[in-house]
Amino acid sequence: MLKLGVLDQSPIIPGETAPDAMRRTLELAKTVERLGYTRYWVSEHHDTPGLAGSSPEILIAAIAAHTSRIRVGSAGVLLPHYSPYKVAENFRVLEALYPGRIDLGIGRAPGGMPIASEALRYGRPKDREEHFAVMLRDLGGFLSDWMEPGHRFEGVRATPLVDTAPELWLLGSSGFSADRASELGGAFSFAHFINGDGGHEAVRRYFANYRPGPLGASPQANVCVIVICADTDEEAERLAASTDLRLLLLEQGQFRWPFPTPEEAANYPYTDWDRMRVRANRRRMIVGGPEKVRTQMLEFSKSYGVEELIVLTYTYDFQARLRSYELLADVFGLGR
């Protein structure tokens, strides 16, 4: 049976505030746990007024405290900005509080504009790609209490010392993170919601080349995709129109534009180029009524060779977002 998880970016919709978005995140997490979803991941974005999720570690603690069974994790901690040692300690605290329920998803994207990255790194030079693999190895070492003999951090313990460890996932929208995950033993999640091309080959190569390592002992992969489900195909398309416009505006660098309403999307003066981009971005989305979406999601997961999808639902209206997740739970028989 196909397993479903949730990616939540804690969007701030017009007329609401960042605290409202945080409360929505907690409400959604409690709802999807009740519905039978298996994971709830939260993102990391910086200096992005439309998204409230800048600190996944803190949100994870709050979400796990308000739920009891669902796995809760980051999608993801942007490791190049931080010390692997501190990340390990943050997630050991979470694992101590909520053993067996924590996922540590790692990304390498900036998560914001260059000036925000500079503020996060606070004067440190930008790490080159080859250094990312070293940081991942060190993170795995801190979480497993084992460093290679002679390593400069040999004997340094990430506290608190706990008997369990979070699942370690590498997140990526290209083959780079898939290759690092297969080399180092981590799980891999492909961000189809960011890049609708190249994911199938990245996941195939991950499974083909996987070997156990400091990040894990067995292969595991899922794919994150935008899904908008409504009671009818027509209503889903109406809701998706505002998502189409939002993605188009983000591509154009208009990060501060509020989430558009379906009415604004219907009246927007699209150019021919805009319409081409909207069609292209639909490769990142699955849209429709329950049966249509179920069929397409099953075909999608089969094409990737995975048994779990992480669902990201963008809608202008929070109740429509909740309804989408409810319909998916029902049509896939989650929690039965």
Side-chain angles (χ1 to χ4, degrees), residues 4-11 21-22 24-26 28-29 32-33 37-48 51-67 69-112 116-117 120 132 135-136 138-140 142-143 158 162 164-173 177-178 180-181 184 186-194 214-216 220-224 308-312:
L4 300 182
V6 173
L7 172 61
D8 182 8
Q9 297 178 328
S10 302
M22 296 296 184
R24 298 292 199 193
T25 283
L26 294 178
L28 182 60
V32 298
E33 178 181 66
Y37 287 77
T38 56
R39 301 182 197 274
Y40 198 94
W41 286 355
V42 291
S43 61
E44 178 179 332
H45 293 88
H46 300 285
D47 193 27
T48 307
L51 301 174
S54 60
S55 182
E57 303 91 337
I58 295 175
L59 262 181
I60 288 168
I63 293 165
H66 284 80
T67 55
R69 299 181 306 279
I70 196 168
R71 295 192 66 91
V72 188
S74 56
V77 170
L78 304 178
L79 186 61
H81 294 320
Y82 311 118
S83 153
Y85 182 61
K86 184 58 177 174
V87 172
E89 290 203 321
N90 284 342
F91 277 79
R92 276 200 159 172
V93 168
L94 291 168
E95 188 68 25
L97 290 169
Y98 310 105
R101 294 183 57 207
I102 301 300
D103 294 336
L104 170 49
I106 294 293
R108 64 186 183 97
S117 295
L120 285 163
F132 183 63
M135 298 178 78
L136 287 170
D138 287 352
L139 176 62
F142 289 130
L143 287 171
V162 293
T164 58
E167 282 189 8
L168 221 160
W169 289 77
L170 267 66
L171 318 175
S173 57
S177 291
R180 301 295 82 73
L184 300 174
F188 176 61
S189 181
F190 184 77
H192 189 96
F193 75 99
I194 294 176
L215 305 187
Q220 187 175 188
N222 63 37
V223 179
C224 182
E308 179 180 39
L309 297 180
I310 305 297
V311 175
L312 171 61

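One is the number of the first residue; the rest follow in order along the sequence.
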Looking at residues at least two apart in the chain, or sitting in another chain, which of them share a side chain to side chain donor-acceptor pair (under 3.5 Å) with [X]?
{"X": "Asp138", "answer": "His151"}
{"X": "Ser177", "answer": "none"}
{"X": "Ser173", "answer": "none"}
{"X": "Thr25", "answer": "Asp8, Ser10"}

At their closest point, which heavy atom of [X] faces which heavy atom of [Y], and how far apart are they?
{"X": "Tyr82", "Y": "Met135", "result": "O-CE, 3.2 Å"}
{"X": "Phe188", "Y": "Ala181", "result": "CB-CB, 4.0 Å"}
{"X": "Phe142", "Y": "Ala88", "result": "CB-CB, 3.6 Å"}
{"X": "Ile102", "Y": "Arg71", "result": "O-NH2, 2.9 Å"}
{"X": "Pro99", "Y": "Thr164", "result": "CB-OG1, 3.9 Å"}
{"X": "Arg92", "Y": "Leu143", "result": "NH2-O, 2.9 Å"}

Does [X] use its side chain to pair, donor to acceptor, with the backbone of [Y] at less than 3.5 Å?
{"X": "Thr48", "Y": "Leu51", "result": "no"}
{"X": "Glu33", "Y": "Arg69", "result": "yes"}
{"X": "Arg101", "Y": "Ile70", "result": "yes"}
{"X": "Glu44", "Y": "Leu78", "result": "yes"}
{"X": "Ser83", "Y": "Tyr85", "result": "yes"}

To the nearest 0.5 Å, tell me how far [X] [atom1] sits from [Y] [atom2].
{"X": "Tyr40", "Y": "Thr67", "atom1": "OH", "atom2": "OG1", "result": "10.0 Å"}
{"X": "Ser54", "Y": "Leu59", "atom1": "OG", "atom2": "CG", "result": "8.0 Å"}
{"X": "His46", "Y": "Ser55", "atom1": "NE2", "atom2": "OG", "result": "8.0 Å"}

Quick one, [X] and [Y] - any side-chain contact, counting heavy atoms below 4.5 Å?
{"X": "Phe193", "Y": "Val223", "value": "no"}
{"X": "Asn222", "Y": "Phe190", "value": "no"}
{"X": "Leu79", "Y": "Phe132", "value": "yes"}
{"X": "Ile106", "Y": "Leu171", "value": "no"}
{"X": "Ile60", "Y": "Phe91", "value": "yes"}
{"X": "Leu168", "Y": "Leu139", "value": "yes"}
{"X": "Leu104", "Y": "Val87", "value": "yes"}
{"X": "Leu215", "Y": "Leu170", "value": "yes"}

- Item | By ring-ring contact (aromatic ring centres under 6.0 Å, His included) - contacts of Tyr37 (at least two apart) |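 Checked Tyr37 against ring-ring contact (aromatic ring centres under 6.0 Å, His included); matches are Tyr325.
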
- Message: According to salt bridge (charged side-chain N to carboxylate O under 4.0 Å, His left out), who are the partners of Glu89, at least two apart in sequence or on a separate chain?
- Response: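 With neighbours one apart ignored, the set is empty.
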
- Item | Check ion pair Arg39-Glu167 (N to O, under 4.0 angstrom) |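 Here Arg39 pairs with Glu167 in a salt bridge, since their nearest N and O are under 4.0 Å apart.
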
- Query: When you check the side-chain N and O atoms of Gln9 and Ser43, is any donor under 3.5 Å from an acceptor?
  - Reply: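 Side-chain D/A pair, Gln9 to Ser43: absent.
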
- Query: So, Glu308 and Thr38: side-chain donor and acceptor under 3.5 Å apart, yes or no?
  - Reply: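 Checked: Glu308/Thr38 side chains pair up, N/O donor to acceptor below 3.5 Å.
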
- Message: Going by side-chain contact (heavy atoms from CB on, under 4.5 Å), Cys224 matches just one of Ile310, Ile194, Val311. Which one?
- Response: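 When Ile310, Ile194, Val311 are each tested with Cys224, the side-chain contact (heavy atoms from CB on, under 4.5 Å) holds only for Ile310.
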
